[in-house]
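Note that the coordinates shown come from a computational prediction; the quantities given were computed from them, not determined experimentally. All values below were derived from every heavy atom in this structure, side-chain atoms included, with hydrogens, water molecules and symmetry-related copies excluded.
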Amino acid sequence: MIIRGNSALITGITGQDGAYLAKLLLEKGYSVSGLLARRSTDTLWRLRELGIVDDVKFIDGDLTDLSSLIRAMQASGAHEVYNLGAQSFVGTSWQQPLLTSDVDGLGALRVLEAVRLVNPQARFYQASTSEMFGLIQAERQDESTPFYPRSPYGVAKLMAHWATVNYRESHGMHASSGILFNHESPLRGIEFVTRKVSHAVASIKLGRQKQLRLGNIDAKRDWGFAGDYVEAMWMMLQQDVPDDYVVATGITSTVREMCQIAFAHVGLNMEDHLVIDEKFMRPAEVDVLLGNPAKAQARLGWKATTSLQQLIEMMVEADLRRIADGRG
């Protein structure tokens, strides 16, 4: 692999993946700039947790504003652009379908256009998602599996995915997509089921709450560690030829199994605390997602190294510390 340039721009740098990717790139000697949308009171906590907040250059901008993306490209001098910014919670996409489409779908198109206008030689990464597969058309999903999204989030991400392919083929850009299956970490937002579980289990263990309320606990997902998955993102942009890759563990587990790992880790019986609540059921559920990462393994040399048990135990331990310290 040959690293081309050492300057990167990350949209969504304050999110889980953005923070881990920023840390990885800084460790590789990159100058890292992050697009910062001023929408909430404390967006930098993940970067603080990783100890890198002072090492990143922040550029004000928004995925809904092309002019700010052009300025961000100019200010960063980026040789590599990672578009991780999104309204990334599937459940919210039913309540805010137009916003999700604008940020996740058109937002990616705006970033692609900014790259094309400012530096078409820059390499572009699009954060695609296994939610694009939705109503699965194959037992294991790979790069050739037909898409059938089942949420406004999946639909918006599918637009972004095909826009990336289009810019690659129409403009000759080095534009690649990572079709990432579920990837989690202690930096995950609490609205996501894995973090909801780890936080609730830690709270129950410490006597702060008594129940964990969930919807469909028989849904199956291919869960990996976000810290592993950002390595694959970087590897894609070091290839001579751009392409799309499924990034996954190749192992599927149910929400129920994930909960059992979390409760067992702190010595609690899941059945004593878990409550099924209809209000957490989705209008259209994706029942099973199982990725086939053979292409990423063969061409990138990438493979997930963290098991689901290691991941969930890591998350529970992090939440136990946060709650005990008054930060959770």
Report the C-alpha distance between R195 and D319 in whole Å, list the side-chain angles of each, state the deciding distance to 0.1 Å, and finish with yes or no for salt bridge (Lys or Arg N to Asp or Glu O under 4.0 Å). CA-CA 9 Å; R195 179 76 198 289; D319 276 319; 2.8 Å; yes
Before you tell me yes or no, could you show the steps for D102 and R110 under salt bridge (Lys or Arg N to Asp or Glu O under 4.0 Å), namely the whole-Å CA-CA distance, both residues' side-chain angles and the distance that decides it to 0.1 Å? CA-CA 10 Å; D102 193 15; R110 293 185 189 102; 2.6 Å; yes
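- Centroid-to-centroid, the aromatic rings of F147 and F133 come within less than 6.0 Å.
- Here the shortest heavy-atom pairing between L9 and S76 reads CB-OG, 3.9 Å.
- Screening residues 258-270 for side chain to side chain donor-acceptor pair (under 3.5 Å) gives H265-E317 as the qualifying pairs, with residues at least two apart or on separate chains.
- Between A108 and Q126, the shortest heavy-atom distance links the atoms CB-OE1, 3.5 Å.
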Residues F181, T249; criterion side-chain contact (heavy atoms from CB on, under 4.5 Å); working and verdict: CA-CA 8 Å; F181 279 65; T249 68; over 6 Å; no
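- Proximity of I10 to D17: side-chain heavy atoms (C-beta onward) are nowhere separated by under 4.5 Å.
- Applying side-chain contact (heavy atoms from CB on, under 4.5 Å) to F225 and the options M314, E184, Q310 leaves one that passes, M314.
- Distance check, rounded to the nearest 0.5 Å: CG of N182 to OH of Y229 gives 8.0 Å.
- Rounded to the nearest 0.5 angstrom, S128 OG and E143 CD are separated by 11.5 Å.
- Between the NE2 atom in H199 and the CD atom in Q209 there is a gap of 7.0 Å [rounded to 0.5 Å].
- In this structure, M315 is not a member of the same hydrophobic cluster as I190, with clusters built from ILVMFWY side-chain heavy atoms closer than 4.5 Å.
- The minimum heavy-atom distance between N119 and M73, with the atom names listed, is CB-CE, 4.2 Å.
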